[in-house]
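First the structure, in the form of structure tokens, and then the observations on it.
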Amino acid sequence: MPRSLKTVVLAYVLTAWSLPANAQLLILSSSELISGADVSSFQLTHGGTRVVYRGDLIADGVFELFSTSTSAGAPQLKLSTGALVNGDVFSDFQLTADGSRVVYRGDLATDGLSELYGATTQIPGSQVALNSPPLPETDVFSDYQITPTGRVVYRSDLAAKGVTAFYGASLSVNGSQVGLAFSSLPEADVLNYQLTPDGNRVVYRGNLVTDGVSELYSASTTSNGTQINLISTTLAGADVSDYQITPNGSRVIYRGDLVTDNQFAIYSSSTDASGTQINLSSTTLPGADISDFQVTPNGSRVIYRGDLVVDGVSALYSASSTASGTQIGLSTTDLTGAEVIDFQLTPDGSRVVYQGDLTTGNQFDLYSASTTASGTQVKLNNALSGPDDWIGDIQISADGKSLVYLVGTTTDPLDETKFVGKELF
């Protein structure tokens with residue numbers, strides 16, 4: 001078929017993993033309305049009783065949002081509405097957990113201007129606008145999220161072109177937008193955000209006080225004007241670089257150069273109270289740095305990697321997520337320049353598996369240690385044949401008691417693609 005011809009795409013449903021000979025497939029989308037109609041993307045509700053899909057099923061090249069039951073004979077419902085002739089629903093739509101509502105972006109009112117909408121998946125024409133009227137050439141961004149409490153949070157430059165702010169809205173009420181982040185800084189931006197597991201609060205990073213200085217904030221997802229600053233620093237140019245909310249949502253762990261410029265440490269704060277910052281990591285080494293971290297699944301501890309004792313020697317550490325001065329060293333080595341290069345936690349967080357050249361220089365073996373006690377490091381792999389051998393594709397079992405990994409031999413220790421052979425252990 002020539003590439004210039006448009007392929008007709010239909011949505012089908014299978015009601016079993018294998019079909020008997022007399023079974024029939026159900027055609028769910030009415031794409032026969034126009035020649036060349038396409039369903040471009042679709043999502044099933046959690047229970048599988050309905051499907052929501054995007055397609056140009058009525059006007060060629062104009063993508064709208066539809067819904068139907070996955071049962072035979074169910075009508076196709078058009079959910080989206082727009083005054084703009086060529087307005088489109090974008091492909092990044094999201095369903096609520098119960099599948100009763102859908103949230104989607106589109107330029108349905110003004111060509112090229114992205115706004116946020118919601119609709120009931122079982123009621124045609126039930127669309128509501130979730131954001132307030134925007135300024136020309138502004139947009140709602142694609143990283144919006146639906147909260148477990150039935151709201152949506154989103155970043156947008158709706159109030160000032162090129163200045164990113166943060167908002168929340170009800171999924172079912174037209175124009176219910178409230179501003180979650182606020183700033184008087186002309187060049188302020190909200191850079192990214194994370195929701196607490198219950199969806200009641202949001203933690204976000206932005207330069208809302210000083211241009212070019214990224215700090216960490218928290219706000220209620222339902223109320224305007226509740227923003228609080230979670231970090232404390234007097235250092236000019238200090239930054240929070242990355243962060244993670246604990247599984248229970250009570251605290252946030254973050255990495256930043258808040259005391260010494262370009263020297264990154266690990267901190268912890270309450271997600272709903274300012275002035276609670278504590279430093280989890282400790283070092284007296286000039287130029288010491290923490291490169292990355294992970295929070296254990298129960299949120300009680302933080303595992304991090306850095307050169308905190310010997311300059312240029314990256315080791316693995318653990319600390320309580322709620323108390324300072326609890327840092328312990330997990331990895332051990334007597335080699336100059338040794339480093340831990342990566343690590344992963346067991347599913348219960350009781351142990352950490354990591355690679356490092358801790359026994360032989362430039363030979364990266366596989367190790368394990370308890371996350372709560374120092375001096376427990378054990379080497380997991382058999383002796384490698386030489387520095388050209390490497391370990392990769394490590395997978396830990398669901399119970400955390402065993403793991404499988406590949407060992408490969410390469411003709412170039414700096415290029416694992418030039419391998420001679422691999423074995424599974």
Side-chain angles (χ1 to χ4, degrees), residues 255 264-266 280-296 301-319 326-425:
R255 192 172 67 98
F264 287 83
I266 294 289
L280 304 182
S281 55
S282 58
T283 182
T284 57
L285 182 69
D289 200 7
I290 292 175
S291 54
D292 53 0
F293 70 93
Q294 291 183 34
V295 179
T296 58
R301 301 195 69 81
V302 185
I303 314 302
Y304 46 97
R305 190 168 62 98
D307 58 343
L308 304 184
V309 176
V310 180
D311 186 33
V313 176
S314 177
L316 202 61
Y317 301 88
S318 172
T326 62
Q327 173 178 293
I328 57 175
L330 302 183
S331 62
T332 56
T333 184
D334 295 324
L335 295 181
T336 302
E339 60 176 338
V340 174
I341 57 171
D342 58 13
F343 64 94
Q344 54 182 296
L345 294 169
T346 57
D348 65 359
S350 64
R351 298 193 69 82
V352 60
V353 176
Y354 49 100
Q355 284 183 267
D357 58 345
L358 308 179
T359 305
T360 304
N362 296 318
Q363 181 172 295
F364 291 88
D365 292 295
L366 194 60
Y367 299 88
S368 170
S370 167
T371 55
T372 58
S374 61
T376 60
Q377 173 176 292
V378 292
K379 183 178 172 182
L380 301 179
N381 60 280
N382 296 330
L384 300 177
S385 60
D388 291 354
D389 283 7
W390 52 270
I391 294 173
D393 296 332
I394 302 162
Q395 295 188 31
I396 300 174
S397 64
D399 63 5
K401 295 180 179 179
S402 59
L403 57 81
V404 177
Y405 56 94
L406 286 176
V407 173
T409 300
T410 174
T411 57
D412 183 351
L414 300 179
D415 186 355
E416 293 179 2
T417 63
K418 298 181 179 178
F419 66 89
V420 175
K422 296 179 183 176
E423 292 185 272
L424 191 64
F425 291 85

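Only a predicted model underlies this, so the values are computations on that prediction, with no experimental measurement involved. The chain is numbered in sequence order, starting from 1.
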State the [atom1]-[atom2] distance between [X] and [Y], to the nearest 0.5 angstrom.
X	Y	atom1	atom2	answer
Ser282	Ile266	OG	CD1	12.0 Å
Asp292	Arg255	CG	CZ	7.5 Å
Phe293	Leu280	CZ	CG	9.5 Å
Ile391	Asp393	CD1	CG	11.5 Å
Thr346	Leu403	OG1	CG	10.5 Å
Ile396	Gln344	CD1	CD	4.0 Å

(request) Kindly give the heavy-atom pair with the smallest separation between Gly337 and Val313, and that separation in Å. (result) N-CG2, 3.6 Å
(request) Over all heavy atoms of both residues, which pair between Gly349 and Thr296 is shortest? Give the atoms and the distance, please. (result)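 Minimum heavy-atom separation between Gly349 and Thr296: O-CG2, 3.9 Å.
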Please tell me if the side chains of [X] and [Y] come closer than 4.5 Å, counting only heavy atoms from C-beta onward.
X	Y	value
Asp357	Leu335	no
Tyr354	Ser331	yes
Leu285	Val310	no
Phe364	Asp342	no
Gln377	Leu316	no
Tyr367	Thr359	yes
Leu345	Ile303	yes
Leu358	Asp365	no

Tell me whether [X] contacts the main-chain N or O of [Y] through its side chain, where contact means a donor paired with an acceptor under 3.5 Å.
X	Y	answer
Gln294	Phe343	yes
Arg301	Thr371	yes
Thr376	Ser370	yes
Arg351	Gly400	no

(message) Is it true that, when you exclude Asp334 itself, more than 12 heavy atoms of the residues, nucleotides or ligands shown sit nearer than 6.0 Å to its CG?
(response) no
(request) Output, in order, the C-alpha distance, side-chain angles, deciding distance and verdict of side-chain contact (heavy atoms from CB on, under 4.5 Å) for Ser281 and Tyr317. (result) CA-CA 9 Å; Ser281 55; Tyr317 301 88; over 6 Å; no
